[in-house]
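Read through the structure below, which is laid out as structure tokens, and then see the notes.
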Amino acid sequence: MAAVTTPERPVVATAVGREVERADARVKLNGQAEFTGDIRVPGMLYGAVLRSPVARARITRVDVEAALALDGVVAVLTGQDLLDMDPYYGHALRDRPIVAIDEVRFVGEPVAVVAARTLAVAEEARNLIEVAYDLQAPVASLEAAVRSDAPQVHTTRARPGFAHGLGQLPDPEGNVCYRYGFTTGDVSADFAGADVVVEGEYRFPAVYQYSLETHSVVADYRGDEVTIWASCQHPFLVRQEIADLFDLNLDRVRVVVPYLGGGFGSKSYTKMEPIAVAISRKARRPVRVVNRVDESMVTTRRHNMVCRMRTAAAADGTLLAREADFWLDTGAYADNGPRVTATAGDAAPGPYRWRSVRVDGRCVYTNTAPAGSYRAFGAIHLQWIGELQVDEIAHKLGLDPLEFRCRNLLPVGGEVRAGAKPLDADLVGDLRKVAEAIDWGAPRPPGRGVGLSVGLLAAGAHPVSMATVRLGADGGATVLVGTTELGQGARTAMAQIAAEVLALPPHQVVVRGTDTQYTPYDRSTGASRSTTVAGKAVELAARDVLASLVETAATKLDSDAPLSARDGGITDGERWISHQELIRARFGFAGGELVGQGRVQPSRGSGSYAEGPVFWEVCLAAAEVEVDPATGVVHVMRTASVADVGRAINPQLIRRQDEGATLQAIGNALFEEMHYDPEGLLLNDTLLDYRIPSTLDVPEQMTCVIVENEDGPGPFGAKGCGEGAFAGVTAAIATAVAAAGVPMRELPMTPERVWRRLQERGTVEQTGELR
Amino acid sequence: MKLPQFELHRPNSVDGASQLLTELGDDASAYSGGTELLLAMKLGLIKSRHLVDLKPLAELRGIELRPGGVWIGAGVTHREIESSPAIRAVLPPLAGMASQIANVRVRAIGTIGGNLCFADPNSDPATLLSALGARLRARVNGESVEFSPEEFIEGPYQTLLRPGDLLLGVWIPALPAGSAAVHLRMKIHERPSVTVAALVGVTRGEVVAARLAVGSVGPKVLQVELGEELRGLSGVGFSTRVRSLMALLAGSIPLLPERPESPEYQRHLVRLLGARALEAGLEGARN
């Protein structure tokens with residue numbers, strides 16, 4: 001028998017739970033990381049998109065002669081080029097044409113695309129296209145859209161999309177394209193019998209996801225195949241949508257995803273890919289389409305919303321009932337609006353023990369840019385409202401907001417929504433941790449306020465993910481998984497998971513970007529699902545490889561002792577054989593590799609949204625603010641959020657997630673807002689007018705409390721994070737500002753709005769208050 | 001967004017630059033820091049095919065402490081002003097103001113001359129310079145001429161310079177004994193929403209001189225001499241008078257149209273910050 005121990009046995013530390021350096025840090029810092037905009041394909045042309053200057057009109061004429069005549073122009077695509085196909089797409093509702101056909105529905109809607117040898121020529125040609133519009137009065141606001149005599153943004157009913165995941169879609173009513181609601185208990189009776197009732201109407205702004213990289217695509221349509229390089233979060237859903245649109249087999253559509261310069265949901269589902277593919281098909285050449293920032297701001301955004309809510313409680317401090325009616329403005333096309341509406345509906349009650357609840361949410365078309373996914377959608381819309389009302393009741397009853405919440409919060413295993421997964425987190429324990437982090441009970445001077453917030457976000461999306469792990473003859477591993485690295489550190493986490501199973505140093509595991517031609521299927525990157533769902537597939541694939549290693553080792557060691565992976569090899573506790581040696585032994589040759597497969601699929605029923613979610617992501621935070629009563633300026637002094645992650649694969653990445661979400665929450669809560677004029681024109685589409693948070697907005701103290709109860713469905717008991725803090729901190733800032741004496745009913749809480757609210761409340765003498 | 005094609009000229013003297021700019025006329029722009037110009041060109045708002053680079057010109061460089069004040073060349077960057085030991089010693093509010101402009105990348109290449117010549121109405125330097133009684137020296141039609149900041153900037157993005165004219169630098173008189181200058185601003189968006197600056201002089205605790213400049217709200221900087229109104233006042237009398245003066249001024253100051261904030265709120269901020277600046281000026285002058 002050959003020697004089964006080697007003197008070179010290394011010592012390999014456990015991979016999971018360590019703050020492993022990001023796998024992409026070096027290439028990103030030295031500028032070598034490749035993004036879609038860096039891709040150059042031989043023969044590639046540059047695309048420029050002509051966008052509608054008006055919000056609602058019939059297109060009566062499009063003249064492309066002058067554009068085509070320009071030297072260097074290869075092709076121009078208009079709605080008339082789409083008559084030989086079914087040009088409508090949309091994963092929820094198939095309501096959107098690739099480019100406008102006969103009518104435009106928002107300012108910025110693509111009307112034509114030019115492909116030319118240089119970008120300058122493409123842009124010049126685009127400006128030569130003449131379009132005649134027969135103007136119609138736009139439906140430019142939610143209020144206008146829900147009027148009984150409102151014009152219809154869409155006059156024909158859209159077919160359901162391939163991935164709406166919402167069961168039977170209700171009939172559209174006017175401009176309401178989707179409706180989600182539920183009732184439990186006897187709401188009327190509980191409100192009638194309540195000792196305290198609070199109610200109000202609240203407004204949430206349209207905001208832009210603002211990733212540094214804009215939407216970027218290179219499409220190369222040849223014969224009956226298309227290759228797409230795209231800045232997309234959901235490559236496999238893009239593949240399916242493109243295949244449907246252009247009537248291609250799935251395996252004839254190849255989507256390649258380099259690094260993304262941020263996404264936050266703005267690159268979920270399908271965005272600029274259909275346009276790029278359509279112009280490439282027409283030009284018979286590869287074409288690059290890269291949005292400017294102002295173009296991306298009309299490609300997708302977050303839903304603005306109006307909400308009416310009321311909450312009832314008993315004098316003894318028991319929450320009784322809640323009602324919420326809300327209207328989400330999804331713009332001219334549904335995009336992910338229906339799912340946002342359903343998620344908002346689920347977030348509306350808040351995780352309390354209600355006797356009765358009634359929720360009614362509407363997803364409404366208007367003539368504005370389409371709204372879709374943005375980190376923590378739904379929860380961020382409703383949580384701040386519900387939590388403001390919880391505080392208002394606590395205030396009326398003279399109860400401490402922390403104890404009031406703890407008394408009413410759902411326990412572990414509690415029913416969040418009928419038929420859904422029971423609560424899988426310890427909310428009371430989490431809440432006490434964030435309260436402690438900001439010294440909840442400490443006395444504060446006037447103008448200061450501390451606030452808490454608790455919520456839940458249905459996370460995980462549809463749990464379908466596959467992964468492949470290949471262990472090479474040299475002991476290095478490659479993970480093939482469809483998760484998109486968009487800055488969150490997914491490739492690092494996936495490497496750690498595979499490394500943990502195979503007892504390898506994480507840097508010996510390589511994770512590359514998705515290429516749908518080679519990478520196995522993964523539904524999407526979003527809904528905080530990657531570590532939990534795709535990560536589980538990686539763990540299973542690595543375990544599949546491990547099983548082969550153990551099989552060979554058992555033969556070689558001729559041992560009945562249990563075998564396990566240690567230090568880059570397999571051991572029975574005494575003896576140890578390296579992976580390299582096992583592979584050599586298995587194939588009898590200095591080569592070969594072990595390939596493992598991992599698969600995650602719904603554990604029960606259809607895996608539909610109704611039976612979900614994969615896990616409940618906690619949206620739980622605390623904040624301390626200072627309000628300047630003279631100017632209305634709100635300063636966020638400190639925040640604390642909870643990452644209830646089951647098991648921290650990489651604590652450093654988790655903290656960075658919560659810090660990023662906290663900064664975005666400060667923007668959403670205090671100053672970000674897209675302004676439209678009455679004609680539906682976006683007024684602030686540059687960074688000069690649309691301010692996003694910067695390092696100067698970082699609070700003096702940001703605490704991320706990592707909770708590890710090993711209670712998640714993911715690898716090693718992990719569950720996802722990264723979105724909850726966005727909803728949690730936004731709501732905590734709102735409750736903190738209310739505690740400082742300014743209960744606001746509209747976000748963002750701009751200096752002027754806060755100042756006006758103070759004027760209304762007569763807190764400040766009109767003529768003075770200079771300090 | 002990429003810069004359109006342009007030709008870059010590098011003259012080696014102010015005379016040469018002026019001559020080039022005269023010849024090229026409306027087809028050329030003077031290029032100093034480029035923090036505003038290049039952005040406007042990327043956006044297609046300025047379509048100059050020639051840029052005349054002023055950065056290498058030694059005549060426009062340098063911060064000089066001279067008897068009675070400080071000379072700052074038009075090509076001096078905000079960063080140089082903010083970190084100049086001379087300015088920090090003699091005119092600390094100027095160094096403080098410069099340190100708050102935009103961000104460090106802009107301050108490292110943006111120049112005081114470029115800022116004044118671009119004449120963005122939402123900007124801090126002109127307002128403070130106005131309160132400090134600064135004189136802007138420019139070459140106009142080949143002659144060296146001096147202006148106050150309020151004269152130099154005629155309106156949004158409009159100065160009295162014509163093609164071929166160049167701003168040479170800024171002369172800032174040293175603060176008179178017993179006086180203090182204060183600069184306050186409020187930034188809600190990327191650019192300042194309200195800028196105020198006050199210069200207050202006292203003798204034996206009582207006001208003998210006061211000047212207030214208000215910018216970033218109207219089409220140009222508004223400067224008012226308040227010495228007569230506030231002379232001899234201190235304490236509560238000063239505060240009361242300041243409040244009524246600021247109410248009057250804030251109520252009548254011209255505002256730029258189409259701002260995100262309402263006129264009512266902007267006027268409130270002018271009143272508030274103006275009063276705060278004058279109060280702080282009095283406080284500073286007495287110490």
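Residue numbers begin at 1 in each chain, while the letters A, B, ... track the order of the sequences.
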Report summary line: Value for CZ (A:Phe671) from NE2 (B:His189), rounded to nearest 0.5 Å, stands at 10.5 Å

Query raised in the report: Backbone N or O of A:Ala630 within a donor-acceptor pair of the B:His268 side chain at under 3.5 Å?
Result: yes

Query - Contacting region of A:Val633 [heavy-atom separation from chain B under 4.5 Å] - result: side chain

**Report entry** B:Asn287, CG atom: more than 12 neighbouring heavy atoms under 6.0 Å
**Finding:** yes

**Report entry** Reported CG-to-OG1 distance for the pair B:Asn103 and A:Thr695, which is rounded to 0.5 angstrom
**Finding:** 8.5 Å

**Report entry** Under 4.5 Å from a heavy atom of chain B, the part of A:Asp689 involved
**Finding:** backbone

Query raised in the report: If you count the non-hydrogen atoms of other residues, nucleotides and ligands that lie under 6.0 Å from CD in A:Glu700, is the total more than 12?
Result: yes

Query raised in the report: If you tally heavy-atom pairs under 4.5 Å against chain B, which of A:Arg756, A:His675, A:Glu123 wins?
Result: A:Arg756

Query raised in the report: Would you say A:Leu212 has more than 12 foreign heavy atoms packed within less than 6.0 Å of its CG?
Result: no

Query raised in the report: At a heavy-atom separation under 4.5 Å, does B:Ser262 approach chain A through its side chain, its backbone, both, or neither?
Result: both

**Report entry** Per-residue contact mode, A:Leu687 against chain B (heavy atom under 4.5 angstrom)
**Finding:** backbone

Query - A:Arg691 side chain vs B:Ile188 backbone, donor-acceptor pair below 3.5 Å - result: yes

Requested in this report: Flag yes if more than 12 heavy atoms outside A:Arg40 fall under 6.0 Å of its CZ atom; otherwise flag no.
Outcome: yes

Requested in this report: Answer whether the closest heavy-atom distance between the side chains of B:Arg191 and A:Leu688 falls below 4.5 Å.
Outcome: yes

Report task. Taking the side chain as every heavy atom from C-beta outward, state whether B:Met186 and A:Pro751 have any atom pair closer than 4.5 Å. Result -> yes

Query raised in the report: Nearest 0.5 Å, what's the CD-OG1 distance between B:Glu261 and A:Thr750?
Result: 7.0 Å

Requested in this report: Would you confirm whether B:Tyr265, through its side chain, and A:Trp755, through its main-chain N or O, come within 3.5 Å as a donor-acceptor pair?
Outcome: no

**Report entry** Smallest separation among heavy atoms of B:Arg276 and A:Thr631, with atom names
**Finding:** NH1-CG2, 4.3 Å

Query raised in the report: Would you find more than 12 non-hydrogen atoms of other residues, nucleotides or ligands less than 6.0 Å from B:Glu154 atom CD?
Result: yes

Query raised in the report: For atom CG of A:Asn30, is the number of surrounding heavy atoms from other residues, nucleotides or ligands below 6.0 Å larger than 12?
Result: yes

